[in-house]
Amino acid sequence: MTQENQPVTTQNENQIIAERRSKLTELRKVGNAFPNIFRRDNIASQLHEQYDERSKELLEESAVTVKVAGRMVLKRIMGKASFATIQDMSGRIQLYISNDHTGQDNHEAFKHYDLGDILGAQGKLFKTKTGELSIRVTNCQLLTKCLRPLPEKFHGLTDQEQKYRQRYLDLITNEETRKVFSIRSKTIHAIREFFVARDYLEVETPMMHPIPGGASARPFATHHNALDMSLYLRIAPELYLKRLVIGGMEKVFEINRNFRNEGISTRHNPEFTMLEFYEAYQDYTYLMDFTEKMLGEVAERVLGTRKIIYQEREIDLTKPFQRLTITQAIQKFHPEYTDVQLNDRDYLADKLQKLRIKTHSHDGIGGLQLSLFDETTEHLLFEPTFIIDYPAEVSPLARRNDDNAEITDRFELYIAGREIANGFSELNDPEDQATRFQAQVEAKDAGDDEAMHYDADYIRALEYGLPPTAGEGIGIDRLVMLFADSANIRDVILFPQLRRED
RNA sequence: GGGUCGUUAGCUCAGCUGGUAGAGCAGCGGACUUUUAAUCCGUUGGUCGUGAGUUCGAAUCUCACACGGCCUACCA
């Protein structure tokens, strides 16, 4: 990497870069090759919005002077006049550079500018004979030399790996990519406003945890030198956010990264963005209503509609989402399973073995039902669906159901076959929580390396009293995938994790 | 992790059953004062992912490795 900072010898480079580098050398000789004195007054989209509809004649009469800057992405030289298209953060605008208006010297200099160079230009708006809004440039200057050639102007950058490694090139070339990240930004912004409007307090809790907790997952480990202690990148903020509710922050949310040291796939990146929120004096049924409302409003604000198209299928966020228990969901898609079978531990264990699905010896009926659901039904839940009543054995932080201690007041929301949200009434009984942690420790000792640790500090916090609370997590990347119609999580993360390049 | 397809010029891609590489774009030179993926003429540019093997001869066949795409399994 340090090599990148050294002047690279031209013999190692292809001739295109060598050519551009020699142009830069010439620029250095005649002045500051990287001037920062140009200030623009206009951006492309604003000009189009304001003047696209104005007639050619009227535009000529009004003689609007504008000043723009951007990267040159197209260039057409025709002797004594040239056209160039520059691209800024908002879009594109065409420049007309000619001996008549720009001057011969300036035009000759322009001819040696390369695609990718950053230009500043000033001039009057006009319309070409095909009606395209353009700038008749009176002065054009090179603001930053681009030493490396851009991807091919028509096909753009298509190599998936290169799009991820050199995202800036992907952004320069592909309008679609710019749109995806605009949707991402708007989604997060809309969510933030949704919470702020409801008097939630936004907080940041630690990314480095002495005890990784709040989820079942393998953490990344690191070490603090001065304290000489092991730390883990957080797998979830949950236990810290609930400490805040104990402290009196009765409505809190955090939008931030989680890190899980597990596989990478089209749906998993080692670091991913999670929304978690907690509200005191509410329960999980409130959360389900709240989630329906939030997703509908966010979609409306980001996309202008609550009926989104994902991978050519419509997802309707306008109506209440279906709510099914785990066994109801299994039976909906697989009516061959009877109530008796689904509540028969031996039958389930046998069936799962036949389906070659891993089970643990300590799995109860609920755990086995969940395994069967994950395997046979989860991917079929395309329409937004809340799956409710998760077994207590797989929900160590959720409140037990008042009528059935084997299940918890918990749901997961599935859309397009993927888990999008996970919410529950929080377990606020410190003694039950201690028992559940103990069970996790036993599972860990039995070889489950995703099981939780015993967090004594969290138990101490609970002993001060967590008000009855509802809490939920929503995977932001997966939500953005839905909104941006992306099949791969890497397409909605600017710099997804990749292998080392060398 | 398993399966499968791929890696050729800066970019997008051809390259057949083996005879040591082509196009378009970009670049360079020239023509052209309303083009728009500008056009036209000329031209530079490649250790064909890496390493071995088969062969008189390998981008092409075989094997191994590296990296990547897609599918698949587990975590959100």
Side-chain angles (χ1 to χ4, degrees), chain A residues 13-20 22-23 56 73-85 92-102 104 107 111-112 114-116 126-134 136 146-166 169 172-173 214-219 235-236 257-276 356-358 371 374-375 378-379 412-414 418-422 448-450 473-479 481 487-490 498-502:
Chain A
E13 296 178 338
N14 77 64
Q15 62 172 25
I16 293 178
I17 297 175
E19 179 69 34
R20 290 179 177 220
S22 77
K23 287 178 180 176
K56 194 170 170 158
V73 291
L74 290 172
K75 180 187 175 193
R76 297 173 286 279
I77 296 173
M78 299 170 303
K80 299 189 179 63
S82 301
F83 284 94
T85 301
R92 294 179 169 195
I93 185 84
Q94 180 168 265
L95 307 180
Y96 178 69
I97 294 133
S98 65
N99 286 359
D100 289 352
H101 301 92
T102 321
Q104 191 170 348
H107 185 214
K111 287 182 183 177
H112 293 97
D114 293 299
L115 291 184
F126 77 109
K127 280 196 173 174
T128 64
K129 64 183 181 189
T130 51
E132 178 168 350
L133 185 71
S134 308
R136 191 181 287 121
C146 173
L147 291 176
R148 293 176 179 270
L150 293 183
E152 204 253 4
K153 65 187 174 190
F154 187 58
H155 298 92
L157 189 62
T158 60
D159 182 81
Q160 283 299 326
E161 183 191 1
Q162 208 179 350
K163 278 161 67 85
Y164 302 142
R165 285 197 195 280
Q166 294 181 275
L169 286 182
I172 290 168
T173 357
S216 301
R218 298 213 301 270
I235 54 175
R257 231 67 69 80
N258 289 344
F259 306 86
R260 299 190 183 174
N261 203 343
E262 289 164 354
I264 295 176
S265 77
T266 50
R267 285 170 288 278
H268 301 88
N269 194 58
E271 54 180 302
F272 61 99
T273 301
M274 188 86 165
L275 158 71
E276 282 207 14
R356 286 184 294 177
I357 301 166
K358 279 180 290 185
S371 294
D374 285 345
E375 189 67 23
E378 174 182 321
H379 63 279
E412 288 193 355
L413 171 63
Y414 289 86
R418 293 186 200 124
E419 183 187 338
I420 295 292
N422 176 19
D448 183 353
D449 53 10
E450 288 179 358
I474 295 183
I476 295 297
D477 310 278
R478 290 186 178 176
L479 188 62
M481 285 169 73
N488 192 329
I489 198 168
R490 291 174 168 182
L498 303 169
R499 274 176 216 276
R500 262 209 317 272
E501 194 166 5
D502 46 73

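A note on names: the letters A, B, ... follow the listed sequences, proteins ahead of strands, and every chain is numbered from 1.
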Categorize [X] for me: base, sugar-phosphate, or nothing, with a 4.0 angstrom heavy-atom threshold over every strand shown.
| X | answer |
| --- | --- |
| A:R218 | nothing |
| A:E375 | sugar-phosphate |
| A:N269 | base |
| A:K23 | sugar-phosphate |
| A:L498 | nothing |
| A:S265 | base |
| A:G475 | nothing |
| A:E412 | nothing |
| A:R92 | nothing |

Grab the [atom1]-[atom2] distance between [X] and [N] for me, whole Å please.
| X | N | atom1 | atom2 | answer |
| --- | --- | --- | --- | --- |
| A:L74 | B:U34 | CG | P | 18 Å |
| A:D114 | B:C25 | CG | C1' | 14 Å |
| A:I77 | B:U35 | CD1 | P | 16 Å |
| A:L115 | B:A37 | CG | P | 14 Å |
| A:K80 | B:A38 | NZ | P | 22 Å |

Separation of the [atom1] atoms in [N] and [M], to the nearest angstrom:
| N | M | atom1 | answer |
| --- | --- | --- | --- |
| B:G19 | B:U72 | C1' | 42 Å |
| B:G49 | B:A58 | C1' | 16 Å |
| B:G53 | B:U60 | C1' | 15 Å |
| B:U47 | B:A38 | P | 29 Å |
| B:C5 | B:C74 | P | 24 Å |
| B:G24 | B:A66 | C1' | 31 Å |
| B:A37 | B:A26 | C1' | 12 Å |
| B:A23 | B:A14 | C1' | 7 Å |

Any donor-acceptor pair under 3.5 Å from [X] side chain to [Y] backbone:
| X | Y | answer |
| --- | --- | --- |
| A:R490 | A:Y164 | no |
| A:N261 | A:R218 | no |
| A:K23 | A:H112 | yes |
| A:E152 | A:H155 | yes |
| A:N269 | A:F272 | no |

Short side-chain N/O contact from A:R76 to OP1 or OP2 of B:U35, under 4.0 Å: no

Short side-chain N/O contact from A:N488 to OP1 or OP2 of B:G69, under 4.0 Å: no

Side chain to side chain donor-acceptor pair (under 3.5 Å) involving A:S82 - partner list, sequence neighbours excluded: A:H107

Set of side chain to side chain donor-acceptor pair (under 3.5 Å) partners for A:S22, sequence neighbours left out: none

What I want to check is whether an N or O donor and acceptor connect the side chain of [X] with the base of [N] at under 3.5 Å.
| X | N | value |
| --- | --- | --- |
| A:E132 | B:U34 | no |
| A:Y96 | B:U33 | yes |
| A:N99 | B:U33 | no |

All pairs passing salt bridge (Lys or Arg N to Asp or Glu O under 4.0 Å) where residues 262-271 of chain A contributes a residue, at least two apart: A:R257-A:E271

Nearest to side-chain heavy atoms of A:R490, which nucleotide of B:C71, B:G69, B:G27: B:G69

Among B:U35, B:C74, B:U33, the one nearest A:T128 by side-chain distance: B:U35

Does [N] have a Watson-Crick or wobble mate here (both distances under 3.5 Å), and if so which one?
| N | answer |
| --- | --- |
| B:A38 | none |
| B:U43 | B:G27 |
| B:C61 | B:G53 |
| B:G1 | B:U72 |
| B:A14 | none |
| B:U7 | B:A66 |

A:E378: partners by side chain to side chain contact (heavy atoms under 4.5 Å, CB included), with sequence neighbours left out: A:F373, A:D374, A:Y414

Partners passing ring pair (Phe, Tyr, Trp, His ring centres under 6.0 Å) against A:F259 (at least two apart in sequence or in another chain): none

Heavy-atom protein contacts under 4.0 Å, nucleotides 4-13 of chain B, coded B base, S sugar-phosphate only, - none: ------BBSS

